[in-house]
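Comments concern the structure below.
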Number of protein chains: 2
Amino acid sequence: MSGNQKEICLEDLKLRILRMDLEPGAMLDEASLASHYGLSRTPLREILQRLAGAGFISTRENRGAKVASMDVATMRVFFQTAPMVYANISRLAAENHSSRQLGDLQTAQLEFAKSTERGDAPAAALANHRFHAIIGEMAHNPYLVAALNRLLIDHTRLSQTFYRPADPHEEQLVVRASEQHDALISAIEAREGALATDLTLQHWDLSRDRIERFVRPDPLPVDVISMKEHRGAV
Amino acid sequence: MSGNQKEICLEDLKLRILRMDLEPGAMLDEASLASHYGLSRTPLREILQRLAGAGFISTRENRGAKVASMDVATMRVFFQTAPMVYANISRLAAENHSSRQLGDLQTAQLEFAKSTERGDAPAAALANHRFHAIIGEMAHNPYLVAALNRLLIDHTRLSQTFYRPADPHEEQLVVRASEQHDALISAIEAREGALATDLTLQHWDLSRDRIERFVRPDPLPVDVISMKEHRGAV
DNA sequence: TGTATACATTTTGTATACAAATTCAGACGC
DNA sequence: GCGTCTGAATTTGTATACAAAATGTATACA
């Protein structure tokens with residue numbers, strides 16, 4: 001029972017970081033985390049080292065651990081890097097996957113679809129994360145997967161930062177994303193690397209557009225502004 | 001003094017793995033490592049977690065740690081992935097580096113040149129590793145650097161596996177590699193991303209050819225083979 | 001009011017002791 | 001001979017106590 005308590009703690013911390021229940025840059029207190037998960041500080045500190053190695057947190061000597069931050073510079077690099085890595089991973093997944101992994105992928109996509117249908121955005125974000133992480137596993141490329149998993153951490157967090165449940169347009173985009181997932185599964189299953197690459201780039205464009213629309217929304221109507229200006233001048 | 005003993009241990013273990021002083025797949029004994037570095041097992045185990053996170057070793061629950069293995073499947077993936085990552089890292093380094101880092105790069109290259117001149121292959125391999133790791137830092141891209149550093153671990157180990165100091169052709173190749181390093185430094189300094197990409201791919205071709213020549217050596221003279229066949233048939 | 005310094009508190013890092021798991025070796029039956 | 005069962009020996013994992021470092025706070029002084 002307590003044998004996998006460490007694993008539970010590790011996975012739960014990953015989840016809390018991805019959900020931004022633990023915010024980017026937040027300090028982590030060893031003592032409280034240890035007691036929360038029913039561990040002593042020794043195994044908890046080992047977990048922190050592993051989380052740091054996977055890019056979830058950063059640690060500084062004598063200065064404690066904090067959740068990986070997400071500043072503007074990081075975002076810029078993220079947008080620059082993601083499409084290349086995603087596309088290559090998908091191509092490799094199509095070429096190298098084993099059929100057993102395909103079932104896991106379909107399960108993850110089912111979970112994504114269900115989460116979106118019931119409007120559970122955090123669950124959808126996590127299912128989406130899992131979907132793309134599985135594609136990473138299917139690529140059988142430990143080098144690129146290291147890059148992918150770090151990208152996915154920030155992607156999942158970004159998606160949730162820039163999510164507006166009220167926006168009706170948003171729902172449309174999610175439906176399209178789900179359709180793209182299905183198409184990508186088919187391409188991987190058929191081992192069509194080129195198609196998988198293409199679909200992944202389309203999927204990326206959709207995701208990027210959604211975030212871009214948030215950062216740069218439709219400008220306010222000009223005449224309203226001029227009216228206000230006019231009144232101010234009186 | 002004992003404050004950075006942990007750091008010393010971490011760096012030394014990395015070096016020993018890169019030099020294959022600790023062979024791929026070798027089991028690591030916590031107790032002996034701890035006593036060797038004058039640490040207790042607690043901090044040593046934290047170091048092992050960090051090494052695992054960086055891809056130097058792999059750990060299994062209750063089963064100890066072992067140096068990352070290098071099987072044929074891994075090598076295939078390595079050759080498939082390296083050029084893309086290297087090329088992109090070099091381009092980003094040219095675009096994003098700070099001038100302070102350029103000095104470190106030149107220092108590393110000087111160390112590489114000196115090591116090759118005195119025929120110190122292990123030192124040259126490590127200096128070469130450091131040279132390319134610094135280019136990784138200059139790229140300011142934490143995602144791709146994660147992939148790069150894993151590639152470099154295997155690249156450095158592969159290079160030493162497939163090294164024949166006796167071969168006179170080998171020396172020529174090393175001289176060319178050193179020249180390519182110099183050219184790459186200039187391209188990065190001039191912030192010429194396209195040129196840096198190009199030079200890096202040439203550098204990669206050289207490295208790959210050297211290893212390939214080892215794996216698939218010049219075929220034996222045809223007549224010798226046929227003679228042997230003939231004799232066997234008698 | 002602002003700064004510096006000494007001291008108390010909190011947090012991080014390490015060593016040691018002990019618990020749990022795995023491995024090894026010899027005995028036993030087939 | 002070959003597999004496998006059992007218990008010792010080894011190795012890994014965890015908790016606790018203590019040491020070291022950083023942080024916070026109050027006081028003295030300019």
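Numbers restart at 1 for each chain; the letters A, B, ... are given by sequence-line order, proteins then strands. We use all heavy atoms of the structure for the numbers below, so side chains are in, but hydrogens, waters and symmetry mates are not.
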Pull out every protein N or O sitting under 3.5 Å from an N or O of nucleotides 15-18 of chain D, one pair per line with the distance.
unit_1	atom_1	unit_2	atom_2	d
dA15(D)	OP2	Ser40(A)	N	2.6
dA15(D)	OP2	Ser40(A)	OG	2.8
dA15(D)	N7	Thr42(A)	OG1	3.2
dT16(D)	O4	Thr42(A)	OG1	3.1

I need the [atom1]-[atom2] distance between [X] and [N], as an integer number of Å.
X: Arg50(A); N: dG13(D); atom1: CZ; atom2: C1'; value: 13 Å
X: Arg60(A); N: dG13(C); atom1: CZ; atom2: C1'; value: 16 Å
X: Gln49(B); N: dT12(D); atom1: CD; atom2: C1'; value: 12 Å
X: Leu44(A); N: dT11(C); atom1: CG; atom2: P; value: 14 Å
X: Glu30(B); N: dT14(C); atom1: CD; atom2: C1'; value: 15 Å
X: Arg63(A); N: dA20(D); atom1: CZ; atom2: C1'; value: 14 Å
X: Lys6(B); N: dA21(D); atom1: NZ; atom2: C1'; value: 13 Å
X: Gln5(B); N: dA21(D); atom1: CD; atom2: P; value: 14 Å

Counting heavy atoms not belonging to Arg76(A), are there more than 12 under 6.0 Å from its CZ?
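For Arg76(A), atom CZ is not crowded (no more than 12 foreign heavy atoms under 6.0 Å).
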
Check ion pair Lys6(A)-Glu46(A) (N to O, under 4.0 angstrom)
yes

With a 4.0 Å cut-off, would you call Glu11(B) and Lys14(B) a salt bridge?
yes

Who passes side-chain contact (heavy atoms from CB on, under 4.5 Å) against Ser40(B), sequence neighbours left out?
Thr42(B), Pro43(B)

ring-ring contact (aromatic ring centres under 6.0 Å, His included) contacts in which one or both residues fall within residues 90-129 of chain A, not counting sequence neighbours
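Listed once each, the pairs are Phe112(A)-His181(A).
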
Using a 3.5 Å limit on both distances, find every run of at least three consecutive Watson-Crick or G-U pairs that involves DNA chain D.
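The stems that DNA chain D takes part in, listed by first number, are C:1-30 with D:1-30.
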
Can you give the donor-acceptor pairs under 3.5 Å from side chains of residues 16-26 of chain A to other protein atoms, not counting sequence neighbours?
unit_1	atom_1	unit_2	atom_2	d
Arg16(A)	NH1	Tyr37(A)	OH	2.9

With a non-hydrogen cut-off below 4.0 angstrom, is Glu46(B) in contact with a base, only sugar-phosphate, or nothing?
nothing

Heavy atoms only, 4.0 Å cut-off, all strands: where does Arg45(A) land among base, sugar-phosphate and nothing?
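Counting heavy atoms under 4.0 Å across all strands, the contact made by Arg45(A) includes a base.
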
All ring pair (Phe, Tyr, Trp, His ring centres under 6.0 Å) counterparts of His155(A), not counting sequence neighbours:
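Counting only residues at least two positions away or on another chain, His155(A) forms a ring pair (Phe, Tyr, Trp, His ring centres under 6.0 Å) with Phe78(A), Tyr86(A), Trp204(A).
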
Backbone N or O of Met84(A) within a donor-acceptor pair of the Asn88(A) side chain at under 3.5 Å?
yes

For a 4.5 angstrom cut-off between non-hydrogen side-chain atoms, does Met138(B) reach Asn96(B)?
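No - every pair of side-chain heavy atoms lies 4.5 Å or more apart.
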
